[in-house]
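I have placed the structure first, in the form of structure tokens, so that the comments after it can refer back to it.
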There are 2 protein chains.
Amino acid sequence: MENHTSDLIKRTTPDIETLYDLSELFKVFGDTTRIRIIAALLDGEMCVYHLAEYLEMGQSAISHQLRILRSAGLVRPRREGKTIFYSLDDEHIEMIYNMGLAHICHKKGEVK
Amino acid sequence: MENHTSDLIKRTTPDIETLYDLSELFKVFGDTTRIRIIAALLDGEMCVYHLAEYLEMGQSAISHQLRILRSAGLVRPRREGKTIFYSLDDEHIEMIYNMGLAHICHKKGEVK
DNA sequence: CCAATATATGAACAACTGTTCATATATTGA
DNA sequence: TCAATATATGAACAGTTGTTCATATATTGG
């Protein structure tokens, strides 16, 4: 009972490239604007204009960040006329987001 | 059945400060060196010297990154003589790590 | 085709980040 | 106390990042 890890679970340390990819994934979550976009899209798809309006930021800034989110496979565009609606790509993203949020809240509560 | 979100779950969008904290948390995960340190510590605690050796990096670089991980509350130091052993602070970290890894693998598998 | 609208993109720039090098601090054994 | 060892820290520097501004592309209605 000395070690805190759950010894029963067999886990292999991923190779260095996978860990690089992993850090790249978290890097995408690691920006205020992008996490705010993700948080907004949790409520459903939204177009660029409304995102910019909602986050009170320039359209260009949002577009740039959406491109990063798109390249990372976190959001997906859907065209409808002139408007492009963005939505989260899959539920994994919400899970990662929720995990992080749980950690934040957990830490907040544990401050003595 | 039009919307992809699970409508049953009541979710409030966190305030802007919380989202900032969240992005700060993910930022810590979003660096190769730091994620490699985290991955290494999943196998149990390790001292600075061995971490540097294992990651084939300078002791100073590791110390600097450990400081960031420490400030973020992700790792915890334990002194034993001259040596300082670092370990992950709680299981939340492993969960976030595993979530990210699952997403990576999921994405890899879905490439057509 | 043309003007209006929605979004994307490239260049520029300031701010930030991670590593290295040199040095400081802390602990131990003699 | 002194030398040896382990870790931490500050300054400097190159590389990266996010925003803004100007402009390009794409779509639609007339």
With the criterion set at under 5.5 Å between ring centres and under 30 degrees between planes, would D/dT19 be stacked on A/H64?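 According to the criterion (under 5.5 Å, under 30°), no, A/H64 does not stack.
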
Angle class for the B/H92/A/H106 ring planes (parallel below 30°, perpendicular above 60°, tilted otherwise)? tilted

Mind checking whether A/F26 and B/F26 have parallel, tilted or perpendicular rings, split at 30° and 60°? parallel

Measuring to OP1 and OP2 of [N], would you say a side-chain N or O of [X] lies under 4.0 angstrom away?
{"X": "A/Q65", "N": "D/dT17", "answer": "no"}
{"X": "A/R67", "N": "C/dT7", "answer": "no"}
{"X": "B/Y86", "N": "D/dA6", "answer": "no"}

Closest to the [X] side chain: [options]?
{"X": "A/V48", "options": "D/dG18, C/dA8, C/dG18", "value": "C/dA8"}
{"X": "A/K82", "options": "C/dA6, D/dG18, C/dT27", "value": "C/dA6"}
{"X": "B/A61", "options": "D/dT17, C/dT20, D/dT7", "value": "C/dT20"}
{"X": "B/C47", "options": "C/dA8, C/dT19, D/dT7", "value": "D/dT7"}

Atom [atom1] of [X] and atom [atom2] of [N]: how far apart are they, to the nearest Å?
{"X": "A/D31", "N": "C/dC16", "atom1": "CG", "atom2": "P", "answer": "13 Å"}
{"X": "A/Y49", "N": "C/dA8", "atom1": "OH", "atom2": "P", "answer": "15 Å"}
{"X": "A/I84", "N": "D/dT27", "atom1": "CD1", "atom2": "P", "answer": "8 Å"}
{"X": "A/M57", "N": "D/dG18", "atom1": "CE", "atom2": "P", "answer": "10 Å"}
{"X": "A/R34", "N": "D/dT19", "atom1": "CZ", "atom2": "P", "answer": "8 Å"}
{"X": "B/L55", "N": "C/dT20", "atom1": "CG", "atom2": "P", "answer": "12 Å"}
{"X": "B/F85", "N": "D/dT7", "atom1": "CZ", "atom2": "C1'", "answer": "13 Å"}
{"X": "B/R70", "N": "D/dA8", "atom1": "CZ", "atom2": "C1'", "answer": "8 Å"}

Using only heavy-atom distances, decide whether a donor-acceptor pair under 3.5 angstrom links the side-chain of [X] to the base of [N].
{"X": "A/T83", "N": "C/dT7", "value": "no"}
{"X": "A/Q59", "N": "C/dA8", "value": "yes"}
{"X": "B/T33", "N": "C/dT19", "value": "no"}

Under 3.5 Å side-chain donor-acceptor pair for A/T18 and A/D15: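 Distance-only check passes for A/T18 and A/D15.
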
If we count only N and O atoms by modelled type, under 3.5 Å, do the side chains of A/Y86 and A/R70 hold a donor and an acceptor together? yes

Between A/K27 and A/R79, name the one whose nearest nucleotide on DNA chain D is closer to the 5' end.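 Comparing both residues, the 5'-ward one is A/K27.
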
Base-pairing assignment for C/dT7 (Watson-Crick or G-U wobble, both under 3.5 Å):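 Matched C/dT7 with D/dA24 under the 3.5 Å cut-off.
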
My understanding is that a pair needs two contacts under 3.5 Å, Watson-Crick or G-U wobble. By that rule, which nucleotide pairs with D/dA14?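 Base partner found: C/dT17.
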
Looking at A/D21 and A/K27, is there a salt bridge between them, counting it only when a charged N and a carboxylate O are closer than 4.0 Å? no

Please determine whether the number of non-hydrogen atoms from other residues, nucleotides or ligands lying under 6.0 Å from atom CE of A/M46 exceeds 12. yes

